Asker: 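Can you keep this structure in mind? I'll have questions shortly.
Every chain is numbered from 1 and lettered A, B, ... according to where its sequence line falls, protein lines coming before strand lines. Because the structure is a prediction, the values reported are computed rather than measured.
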Number of protein chains: 2
Amino acid sequence: MNLETQPRRRERLSRSERMADIMRCAGRILRESEDREGIVADIAGRLGIVEGTIYRYFATKRDLIIRVAEEWYEGMLADYDRELAGITGTKARLRFMIWRHLTVMHDEPAMCRLVLDELRADAGYRKTSIYQLNRHYTQRTLAIVKDGIASGELRAEVPLTMVRDMIYGGIEHHCWAYLRGEGRFSPARAADDIVAIVYRGIAAPEDTSALSRLEQVADRLEQITQTHTSNREPSC
Amino acid sequence: MNLETQPRRRERLSRSERMADIMRCAGRILRESEDREGIVADIAGRLGIVEGTIYRYFATKRDLIIRVAEEWYEGMLADYDRELAGITGTKARLRFMIWRHLTVMHDEPAMCRLVLDELRADAGYRKTSIYQLNRHYTQRTLAIVKDGIASGELRAEVPLTMVRDMIYGGIEHHCWAYLRGEGRFSPARAADDIVAIVYRGIAAPEDTSALSRLEQVADRLEQITQTHTSNREPSC
DNA sequence: CGCATTAGTAAGTTCGGTTCATTATTGAGC
DNA sequence: GCTCAATAATGAACCGAACTTACTAATGCG
């Protein structure tokens with residue numbers, strides 16, 4: 001009965017502060033639950049503002065989510081290059097890229113799921129900066145493969161994009177259950193397994209020059225042994 | 001002004017007929033567009049019934065979609081075994097499984113996208129018969145790998161589930177753009193590429209017994225040639 | 001032929017995202 | 001300290017789509 005008639009004091013933040021506030025809160029909520037229903041009302045409730053306010057900052061709910069994901073993803077990829085610079089060798093570098101990706105999946109399942117299931121599934125994903133970042137990123141992996149080919153370590157005919165598809169598709173598939181909160185996985189072990197298969201799959205054959213040399217030698221041996229041992233029985 | 005007061009003649013079908021009708025119509029719509037909004041109203045409109053009627057047959061929109069997808073998927077997988085029975089050899093059998101999967105993606109992009117993006121992303125997918133069928137199906141692929149290991153053709157230490165993840169994850173990744181109506185791909189070529197990488201990746205090393213025998217022979221040759229040719233110059 | 005059964009309807013409710021006309025707060029210039 | 005333009009925020013709506021329910025009409029079985 002006692003209606004609080006006093007007009008609730010309006011909290012008035014600067015545009016950028018409020019914006020950051022909303023995004024921070026949205027990020028927390030997105031990490032807390034995989035259910036994206038009613039998120040706008042939820043954010044408003046937690047921040048003590050009204051739903052309409054959020055729409056002064058983001059044109060649409062989807063827009064808000066994308067912005068949050070983009071910011072997260074950019075931070076995630078920030079110091080890739082620096083770390084990669086410290087690693088040499090095709091196999092080790094490949095493994096690093098794979099391991100890094102697996103680790104992100106492991107440490108931020110909710111965000112990964114958001115990107116993979118929610119954003120990437122929808123049309124308009126290609127306009128996302130996430131898509132661009134991702135392209136960049138996989139291309140760095142392919143650059144490693146290209147280097148390997150140039151040096152003769154890898155076969156020249158490997159279908160580059162398929163290597164990419166198998167690596168990243170394999171990673172996603174491998175993490176599928178984990179992203180849904182079921183089961184566990186070890187980034188290190190998974191990286192080992194993937195790189196083991198892929199590297200063998202794309203490596204140049206074992207030095208066949210050595211092999212063929214041996215074959216020539218064997219031929220010669222047969223001639224010689226025939227010449228020199230034809231009158232003897234095989235000794236053993 | 002001229003309201004048609006005549007009560008529109010009710011079309012009354014048997015339960016099973018109406019059910020089939022709805023599912024058929026839903027299937028058509030799901031194939032026509034990737035937009036799943038308003039689908040219930042759409043179906044009702046096309047069939048000349050009212051939305052409520054649909055809810056006498058399916059508890060929820062999602063339920064309807066799942067049923068449609070399940071039916072399609074079951075038909076899709078029906079004669080796998082028979083076809084596979086006609087193929088021998090680890091590599092050929094693997095390639096068939098991969099090619100088959102790619103072909104489904106190629107021929108039914110809308111349905112595949114529905115399953116991959118819509119159904120599989122959501123919780124409760126595991127209760128779906130699609131999930132079960134899929135498990136069965138990938139296990140058949142792993143059975144081929146196991147056979148290969150048993151025969152010594154493949155390495156004993158290959159991590160089975162990772163092979164599965166790389167194959168099916170790779171396929172999905174490869175078809176990603178195509179499923180969104182962008183670009184093309186060739187199931188046959190893609191199958192070749194995948195199987196080429198995977199098979200090399202998991203095959204047992206080239207027969208090293210032959211190699212080491214050659215090495216022994218080479219050693220012996222060196223002894224012999226030293227004995228018999230030490231006083232001669234190399235001829236050519 | 002009458003009545004139980006069941007297909008189908010009409011008119012809602014709910015819920016979440018989105019809009020907009022209005023109100024309150026702020027700070028710059030006087 | 002006062003005024004006013006700029007702008008943060010509100011609240012009450014709208015909208016579309018999924019779902020519900022109390023009721024109506026066709027059917028077929030006895």
Side-chain angles (χ1 to χ4, degrees), chain A residues 3-26 29-30 32-69 114 118-119 122-124, chain B residues 3-26 29-30 32-69 114 118-119 122-124:
Chain A
L3 290 212
E4 310 273 346
T5 341
Q6 44 185 330
R8 125 162 72 144
R9 174 146 202 82
R10 281 196 190 175
E11 196 83 30
R12 214 184 130 109
L13 272 59
S14 78
R15 188 161 178 81
S16 58
E17 279 177 323
R18 178 64 78 199
M19 187 129 186
D21 237 30
I22 294 173
M23 286 182 66
R24 194 170 332 116
C25 184
I29 291 174
L30 289 172
E32 274 172 20
S33 115
E34 67 278 13
D35 184 19
R36 249 78 80 188
E37 295 268 281
I39 184 184
V40 180
D42 195 359
I43 295 170
R46 295 199 196 192
L47 293 180
I49 59 179
V50 108
E51 290 185 55
T53 298
I54 292 172
Y55 286 92
R56 314 223 133 266
Y57 294 86
F58 300 93
T60 149
K61 169 192 159 192
R62 179 174 180 73
D63 207 60
L64 164 57
I65 292 182
I66 289 178
R67 289 284 197 78
V68 172
L114 178 69
E118 200 89 347
L119 303 186
D122 198 284
Chain B
L3 289 213
E4 309 274 346
T5 342
Q6 43 183 330
R8 127 162 72 141
R9 175 143 202 84
R10 284 196 189 175
E11 196 82 29
R12 217 183 129 107
L13 273 60
S14 80
R15 186 161 180 80
S16 58
E17 279 176 322
R18 179 64 79 196
M19 187 128 186
D21 237 29
I22 294 172
M23 287 182 64
R24 194 170 333 117
C25 184
I29 291 174
L30 289 172
E32 275 172 21
S33 114
E34 68 277 13
D35 184 19
R36 249 78 81 186
E37 295 269 280
I39 186 184
V40 181
D42 195 359
I43 295 170
R46 295 198 195 193
L47 292 180
I49 58 179
V50 110
E51 289 186 53
T53 300
I54 293 173
Y55 286 93
R56 311 222 138 267
Y57 294 86
F58 300 92
T60 149
K61 169 191 159 190
R62 180 175 180 71
D63 207 60
L64 164 57
I65 291 181
I66 289 179
R67 288 283 197 79
V68 172
L114 178 71
E118 201 88 348
L119 303 187
D122 199 285

Asker: Does B/Tyr55 make a side-chain N or O approach to OP1 or OP2 of D/dC19 shorter than 4.0 Å?
Answerer: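 Indeed, a polar side-chain atom of B/Tyr55 lies that close.
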Asker: Of the options C/dT9, D/dT10, D/dA18, whose atoms approach the side-chain atoms of B/Lys61 most closely?
Answerer: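 Selected nucleotide: D/dA18.
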Asker: When you compare the side chain of B/Leu114 with that of B/Val68, does any pair of heavy atoms fall below 4.5 Å?
Answerer: no
Asker: Let's see if you can work this out: which of C/dG17, C/dT9, D/dC19 has an atom nearest to the side-chain heavy atoms of A/Ile39?
Answerer: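 Shortest atom-to-atom distance from the side chain points to C/dG17.
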Asker: Want to settle it: does A/Gly52 or B/Ala41 sit nearer the 5' end of DNA chain D, counting the closest nucleotide to each?
Answerer: A/Gly52
Asker: Is there side-chain contact between A/Ile29 and A/Ser33, with heavy atoms separated by less than 4.5 Å?
Answerer: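 No, side chains not in contact.
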Asker: Would you say that B/Met23 contacts B/Phe58 through its side chain, given a criterion of any heavy-atom pair below 4.5 Å between the two side chains?
Answerer: yes
Asker: Taking OH from A/Tyr57 and C1' from D/dT7, how many angstroms apart are they, rounded to a whole number?
Answerer: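 Roughly 9 Å, once rounded to whole Å.
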Asker: Ignoring hydrogens and angles, tell me if any N or O in the side chain of A/Arg36 forms a donor-acceptor pair with the backbone of A/Glu34 under 3.5 Å.
Answerer: yes
Asker: Return no unless some side-chain N or O of B/Thr60 is found under 4.0 Å from OP1 or OP2 of D/dC19.
Answerer: yes
Asker: Just the rounded figure in Å: distance from P of D/dA17 to CD1 of B/Ile54.
Answerer: 14 Å
Asker: Out of A/Met19, A/Arg18, A/Glu17, which one pairs with A/Asp21 under the side-chain contact (heavy atoms from CB on, under 4.5 Å) rule?
Answerer: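 Filter result, single survivor: A/Arg18.
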Asker: Let me know the distance between CZ of B/Arg36 and P of D/dA18, rounded to the nearest Å.
Answerer: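 B/Arg36 atom CZ is separated from D/dA18 atom P by 12 Å.
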Asker: Separation of B/Ile22 atom CD1 from C/dA7 atom C1', in whole Å?
Answerer: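 Whole-Å distance recorded here is 11 Å.
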Asker: Can you tell me if the side-chain N/O atoms of B/Thr53 get under 4.0 Å from OP1 or OP2 in C/dA7?
Answerer: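 Result: no.
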Asker: Could you tell me the separation between the CD atom of A/Glu37 and the C1' atom of D/dA17, rounded to a whole number of Å?
Answerer: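 Atom CD in A/Glu37 sits about 11 Å away from atom C1' in D/dA17.
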Asker: Round to a whole Å and report the spacing from CZ of A/Arg62 to C1' of C/dG16.
Answerer: 16 Å
Asker: Take atom CE of B/Met19 and atom P of C/dT6, then tell me their distance rounded to the nearest Å.
Answerer: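 Rounded to the whole Å, the gap is 16 Å.
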Asker: On the side chain of A/Arg56, is there an atom forming a donor-acceptor pair with the base of D/dA9 - under 3.5 Å, no angle test?
Answerer: yes
Asker: At less than 4.0 Å, is any side-chain N or O atom of B/Arg15 found next to OP1 or OP2 of C/dA7? Yes or no.
Answerer: yes
Asker: Could you state the atom-to-atom distance from CG of B/Asp63 to C1' of D/dC19 in whole Å?
Answerer: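 The distance from CG of B/Asp63 to C1' of D/dC19 comes to 13 Å, rounded to the nearest Å.
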Asker: Looking only at the side chain of A/Arg12 (C-beta and beyond, no hydrogens), which of the listed nucleotides C/dG8, C/dG17, C/dA24 gets closest?
Answerer: C/dA24
